[in-house]
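A, B, ... follow the sequence lines: proteins, then strands. Residue 1 opens every chain. Nothing here was measured: the structure is a model prediction, and the numbers come from that model.
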Amino acid sequence: MEFWVNQTFNGISYAALLFLLGGGLTLIFGVMKIVNIAHGSFYLVGGYLGVALFAATGNFYLALVGSALAVAAGGVVLERVFLRAVEGDDLRQMLLTMGIALFVQDACLLVWGGDPFSLRGPAYFAQSVKLGGFTFPILRLFMIAAAGVLFVVLWWFEEKTRAGAMVRAAIDNAEMTEALGINVPILKMAVFGLGAFLAGVAGVVGSAFMGIYPGLDFEILPYAFVVVIVGGMGSLSGAFVAALVLGLLDNFGKALFPEISYFTLFAPMAIVLAFRPTGLFGRA
Amino acid sequence: MAGDYAYRKLGWRKVSVIAFDYGWGHEVAGGFQRVFEELGGQVIQKIWAPVNTADFGPYVASLKPEADGVLDVVTGAASIRLIGELRKAGVLDKKKVLAAGTATDETLLTALGDSALGVLGFLSWSQVLDTPENKRFVQRIKQMTKKDYVGFSAAINYGAAMWIAEAIRQVGGDVENKDKFFQTLRATEIKSSPRGPIKIDKYGHIVQNIYIRRVDKVGNLYQNTVIDTYPSVGQFWKYNPEEYLKQPIYSRDNPPCKYC
Amino acid sequence: MLRVDDIHTYYGDSHILQGVSLEIPRAAIVGILGRNGAGKTTLVRSVMGFTPARRGRILLDEAEITRLRPYRIARLGVCVVSQGRQIFPSLDVAETLAIGARPNPDGWTVEKVYDLFPPLRERARHPAGRLSGGEQQMLAIGRSLMTNPSLLLLDEPTEGLSPLYIEAVGHVIRKLQQSGMSMLLVEQRLRFALLYSDYVHIMSRGKIVHSSSPQELGRDADVRARYLGV
């Protein structure tokens, strides 16, 4: 019993991190129609800034919001200044994000050096709560709460507001959306910023959960891809469901069949691609 | 020797092993298991974790409660995750963890923070090793880097450079004569490197002290306090090199996990 | 209302529109006929700003819009009903009508669109992708009306519709014209174009090769045979 409760809980909390990571990437893919290779860089910078802000202020939540907003601002600049310059050329845009990623990697090494950091966060992050005889680490609870709240807010925005309908329209058909007088360039910039914001949040939460160090940007990128591919490109709900499925599969895979650890994330992706190339919630 | 320490000094009889799934992890875990089980201990669980494991939660949650201790053969940034997880899941409150030394390398101590307090490790050096040579070395590196912590790599490579420099001195700088130089190199012993005396065996592998270290906090800084020393440990431990080399190499399934 | 003045439009290196000029007076319907690949849709795309003309000028009420972004052109009172309808599959009918709404004292509202196309009212909460072809065309027109355009670009609005729906679309076009709206009507159906246009142009290979009243074209079997194959 304890095994199943613990492992399910672990899986859900890992899924929370996967969602924060993949959610932003899927949003950006949806409106921009490009794979943002710099997404790992957003994560990395978010993490480092979070560590620095926490060291300066001692307030984790301030560090979380401040760092995520800073990364969002960086994303907006990237979209406005660089990606806009080669608008309409998907391949060049993607290569540009690749270049930015390499640049950010070196810049981070220059600024923060090669030693790993870990964001300690408030003292209770290291503690656990006991509930019904089971132990739940508070950091993992926080991850679940953060991802849950962000998903609900974003889902409500996308599905229930007029602005959200505009975003969905732009994902379906950007040209036609613009012909209705909707300022699609601003919309793209905002969504890009929002995607970067999510990556920044993931970076801060991730650095508390698994540390932050050079090279992590390209190490976590495949995880983001897996979530987006399994969930369906551009679908927020898809990313949410995919993260949950993958988090649980990965966790139980590792716990029950340790010898297949290498495949627990990527085998589901291969299977989904084989039977549903557009992903679980993908649009053709 | 880690198996020896775990059995004799820590009094462990049953152990869980969690190790990186590649050559280094297989070797360290294999050597430990062999010595530990020959003394009468039992390795009751071996978990092979991929090198880039992002979340050790599932592994830590499946550690068997009946084990007396955990052997941790994970290093680098992943070590922060594993030790953090061992702390958060309460494992470190209940039992001891013996780690391959670089798991608590000085360069990781800040990031590890309080989570690693009390973790034991075995390694050929510690920043706070109390010898005049080491103190001088640490002070000079700190002056150069302006950092509080000096890493293991700096110390052992410094020792290796000392060893090469000593051999060069002995041949009077005549390194062009390669045969003579390598002969001298093999025969060279350094009595006082930062990590203590070093020499090499006839197979070209180092013989050195292995220190048992414990992560402590002194003032604002963390350190690997040296609590025990195994002097002049070579690669074959107490085994006969000829026979030892006939064994198949350690792998995932060798030695087999008889008590799993 | 709209003046297109010798525009040249390219897709990459291919020179599609090779000097097209035309005018659309207020409350007039100008028909564009021509075979596939003649450049009709490119003309619409140039006016809307999707594929801006590299040379020449497009003036809307004397203001130049040649290289404005599509949303700025839309806000000046131009909208398009694109070929193939270009419905948003992830929006429902009500959302589709709402996103482009640009309220205007006696302009179009959701209610007025529903009055014009009663089937849409019943399907208000249906995903747009699940509507029938005819309903999708109603939605595409309704969506454009919500922006209260003074100039509507209709790119083959009857394509793939049953005779009943074709008649309905014609009825709506007439009604919109009576309310003072100008229209550019790109059509493959000669009869439909002749019936509703005030003036017609025939395009071929990126140029306008014939311009006349619909009555004249109706009488000129030679031109019809040469450029339209009918």
Subject >> Structural part of A:Leu256 lying under 4.5 Å from a heavy atom of chain B >> reply: neither
Original post:
Counting heavy-atom pairs under 4.5 Å to chain A, which of B:Gly84, B:Ala89, B:Ala77 comes out on top?
Top reply: B:Ala77
**OP:** State which residue, out of B:Asp216, B:Asp114, B:Thr110, B:Asp148, fulfils the side chain to side chain donor-acceptor pair (under 3.5 Å) condition with B:Tyr222.
**Re:** B:Asp114
**OP:** Starting from the C-alpha separation in whole Å, work towards a yes-or-no answer on ring pair (Phe, Tyr, Trp, His ring centres under 6.0 Å) for A:Phe125 and A:Phe60.
**Re:** CA-CA 10 Å; A:Phe125 270 13; A:Phe60 174 76; 4.9 Å; yes
Original post:
Which bit of B:Asp105 is near chain A, if near means a heavy-atom gap under 4.5 Å: side chain, backbone, both or neither?
Top reply: neither
Original post:
B:Arg213 versus B:Ile227: any side-chain heavy-atom pair under 4.5 Å?
Top reply: no
**OP:** Using a 4.5 Å cut-off on heavy atoms from C-beta on, say whether the side chain of A:Asp115 contacts that of B:Tyr149.
**Re:** no
Subject >> Greatest number of heavy atom pairs closer than 4.5 Å to chain A - which of B:Ser62, B:Ala54, B:Gly113 >> reply: B:Ala54
**OP:** Inspect the surroundings of CZ in A:Phe134 and state if more than 12 heavy atoms from other residues, nucleotides or ligands are less than 6.0 Å away.
**Re:** yes
Original post:
For chain A, which of B:Thr107, B:Asp55, B:Asp21 has the most heavy-atom pairs under 4.5 Å?
Top reply: B:Asp55
**OP:** Under 4.5 Å heavy-atom distance to chain B, tell me which part of A:Phe9 shows up: side chain, backbone, both or neither.
**Re:** neither
**OP:** Please state whether the side chain, the backbone, both or neither of A:Phe3 comes within less than 4.5 Å of a heavy atom of chain B.
**Re:** side chain
**OP:** Side chain from CB out, backbone as N, CA, C, O: work out which of these in A:Leu17 comes under 4.5 Å of a heavy atom of chain B, or both, or neither.
**Re:** neither
Subject >> Under 4.5 Å from any heavy atom of chain B - which part of A:Asn6 >> reply: side chain
Original post:
Hey, are the side chains of B:Val73 and B:His26 touching, using non-hydrogen atoms and a 4.5 Å cut-off?
Top reply: no
Subject >> B:Asn224 and B:Ser126 side chains, donor-acceptor separation under 3.5 Å >> reply: no
